Number of protein chains: 2
Amino acid sequence: MPNISRGDVFASACPSRQILQHVTSRWGGLVLIALREETLRFAQLRRRIDGISERMLAQTLQVLEGDGLILRTDHGEVPPRVDYTLTPAGREISARVFALSDWIEENLPELLALTPNAAAQTVQ
Amino acid sequence: MPNISRGDVFASACPSRQILQHVTSRWGGLVLIALREETLRFAQLRRRIDGISERMLAQTLQVLEGDGLILRTDHGEVPPRVDYTLTPAGREISARVFALSDWIEENLPELLALTPNAAAQTVQ
DNA sequence: TGGGATACTTACATTGTTGTATGCACTTAC
DNA sequence: GTAAGTGCATACAACAATGTAAGTATCCCA
């Protein structure tokens with residue numbers, strides 16, 4: 001079996017492509033950003049990330065946990081208390097996803113000015 | 001009408017969320033990374049990005065062009081010659097998407113070691 | 001004279017993603 | 001006692017994303 005020294009996202013079969021996909025999925029990135037500074041519980045994440053459904057949050061968390069990027073801690077209490085933190089690898093990735101989203105947030109006015117079409121301009 | 005000073009990706013209606021989505025879409029990120037260092041023609045991009053279909057490449061390019069991140073130049077020749085470059089804003093974003101993918105590529109062995117499930121390990 | 005390359009577009013079918021609604025077992029607050 | 005909160009799982013339906021295949025006009029090469 002081949003030893004891999006580094007990935008190549010341009011190769012469709014490379015696992016790095018899948019990981020990249022997970023962390024840039026519709027909700028994956030937002031979850032990582034939300035956990036960047038603090039450990040959060042399920043319901044807190046749900047409230048923080050506007051528009052996410054419980055189903056999608058649960059699914060996204062499982063994928064990221066499966067990739068070893070977040071850590072799930074079940075306190076075994078009733079009513080349930082479970083919280084989520086980033087692992088070291090998760091923190092690295094989160095920082096980079098945040099750098100991207102932060103740049104977009106900061107430069108949004110300029111970005112909106114660039115777009116001739118109204119598509120991305122839809123405030124509201 | 002409200003003046004926006006910066007975006008907020010956590011708000012579902014914020015345009016920054018849509019832009020983030022575009023640049024982290026299945027093919028959007030790869031296109032931006034591919035154009036990071038050089039201007040490329042349609043067919044070159046197609047060959048570079050393993051697995052993308054013509055349909056998806058065309059669509060992705062249009063979205064990113066609509067966001068003002070890439071510039072399309074049609075030389076008006078026959079047979080057709082068209083090439084794509086990043087705009088200044090596109091370069092900024094591309095650099096950040098690349099930082100993310102590059103970290104993943106470089107740390108792929110460690111990342112694979114983290115995953116207990118075989119899902120992300122599927123080489124081949 | 002036939003085949004491949006170029007940069008797409010369009011129609012159609014399939015697959016994948018996402019939302020909605022419901023249920024669970026139990027607690028605390030009103 | 002009633003409602004709301006907790007962290008999910010599950011079934012189902014709707015919708016969005018994607019792939020496949022074909023077509024376009026022209027050129028170059030063998």
Side-chain angles (χ1 to χ4, degrees), chain A residues 9 12-13 17-31 34-35 38-67 70-85 119-120 122, chain B residues 9-10 12-13 17-31 34-35 38-67 70-85 117 119-120 122:
Chain A
V9 288
S12 63
R17 183 120 135 200
Q18 285 154 235
I19 297 177
L20 182 61
Q21 221 134 259
H22 293 167
V23 305
T24 61
S25 67
R26 176 152 187 202
W27 304 113
L30 295 175
V31 167
L35 291 175
E38 36 176 356
T39 295
L40 291 174
R41 300 177 60 177
F42 186 87
Q44 293 178 310
L45 279 166
R46 173 126 161 74
R47 282 186 292 258
R48 185 79 211 280
I49 303 171
D50 186 29
I52 196 171
S53 66
E54 293 197 346
R55 190 185 175 287
M56 277 301 103
L57 179 54
Q59 195 174 111
T60 302
L61 288 168
Q62 285 167 8
V63 169
L64 296 177
E65 194 197 354
D67 286 341
I70 68 181
L71 192 66
R72 188 187 107 110
T73 309
D74 186 342
H75 295 274
E77 301 175 3
V78 152
R81 185 158 73 89
V82 177
D83 46 42
Y84 294 91
T85 330
T122 317
Chain B
V9 289
F10 284 119
S12 62
R17 183 120 135 200
Q18 284 154 232
I19 297 177
L20 182 62
Q21 222 132 260
H22 293 166
V23 304
T24 61
S25 67
R26 177 155 186 199
W27 303 113
L30 295 175
V31 167
L35 291 176
E38 35 176 357
T39 295
L40 291 174
R41 300 177 60 176
F42 187 88
Q44 291 177 312
L45 279 165
R46 171 128 163 73
R47 282 186 292 257
R48 184 80 210 278
I49 303 171
D50 187 29
I52 198 172
S53 64
E54 294 197 345
R55 190 185 175 289
M56 277 301 104
L57 179 55
Q59 195 174 112
T60 302
L61 288 168
Q62 284 166 9
V63 169
L64 296 177
E65 195 198 353
D67 286 341
I70 68 183
L71 192 65
R72 188 188 107 108
T73 309
D74 186 342
H75 295 273
E77 300 175 4
V78 153
R81 187 161 71 90
V82 176
D83 45 42
Y84 294 91
T85 330
N117 59 334
T122 317

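The shown structure was predicted, so the numbers you read here are calculated from the model rather than taken from an experiment. So you know, we letter chains A, B, ... as the sequences are listed, proteins then strands, and number each from 1.
In this structure, B/Arg72 and B/Val82 approach most closely via the heavy-atom pair CG-CG1, 3.7 Å.
As a whole-Å value, the separation of A/Asp74 CG from C/dA25 C1' is 14 Å. Rounded to an integer number of Å, the gap from B/Gln18 CD to D/dA17 P is 12 Å. Atom CZ of A/Phe42 is separated from atom C1' of D/dG7 by 6 Å (rounded to the nearest Å). Rounded to whole Å, atom P of D/dT18 lies 14 Å from atom CG of B/Leu61. At whole-Å resolution of the value, NE2 in B/His75 and C1' in D/dT26 are 17 Å apart. Going from atom CG of A/Leu45 over to atom P of D/dT6 covers 12 Å, rounded to whole Å. Following rounding to the nearest Å, A/Leu57 (CG) and D/dG7 (P) show an atom-to-atom distance of 10 Å. Whole-Å rounding puts the B/Arg46 CZ to C/dA7 P distance at 12 Å.
Under the 3.5 Å distance criterion, the side-chain polar atoms of B/Arg17 are matched with a main-chain donor or acceptor of B/Val9.
Note that CG of B/Asp83 is 6.0 Å distant from OG1 of B/Thr39, once rounded to the nearest 0.5 Å. Rounded to the nearest 0.5 Å, atoms CD1 (A/Ile49) and CD (A/Gln44) are 11.5 Å apart. One distance of note links CD of A/Glu38 with CG of A/Leu45; it measures 9.0 Å at 0.5 Å rounding. Taken to the nearest 0.5 Å, the CD atom of A/Glu65 stands 12.5 Å off from the OG1 atom of A/Thr60. Taking OH from B/Tyr84 and CG from B/Leu71, the interatomic distance works out to 10.5 Å, rounded to the nearest 0.5 Å. To the nearest 0.5 angstrom, A/Leu35 atom CG is 11.0 Å from A/Leu30 atom CG.
A/Arg47 has a side-chain polar atom (N or O) that falls below the 4.0 Å cut-off from OP1 or OP2 of D/dT6. Applying the 4.0 Å criterion to OP1 and OP2 of D/dG7, one finds that A/Gln44 has every side-chain N and O outside that range.
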Can you check side-chain contact (heavy atoms from CB on, under 4.5 Å) on B/Arg26 and B/Ile52, steps first, answer last? CA-CA 10 Å; B/Arg26 177 155 186 199; B/Ile52 198 172; over 6 Å; no
Can you pull every protein N or O that's under 3.5 Å from an N or O on nucleotides 26-30 of chain C?
none

Identify each atom pair where a protein N or O and an N or O of nucleotides 13-23 of chain C are less than 3.5 Å apart, giving names and distance.
from, atom 1, to, atom 2, distance (Å)
C/dT18, O4, A/Arg55, NH2, 3.4
C/dG19, OP2, A/Ser53, OG, 3.3
C/dG19, O6, A/Arg55, NE, 2.9
C/dG19, O6, A/Arg55, NH2, 3.4

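Residue contacts shown for B/Arg41 are limited to sugar-phosphate atoms, with no base heavy atom under 4.0 Å away.
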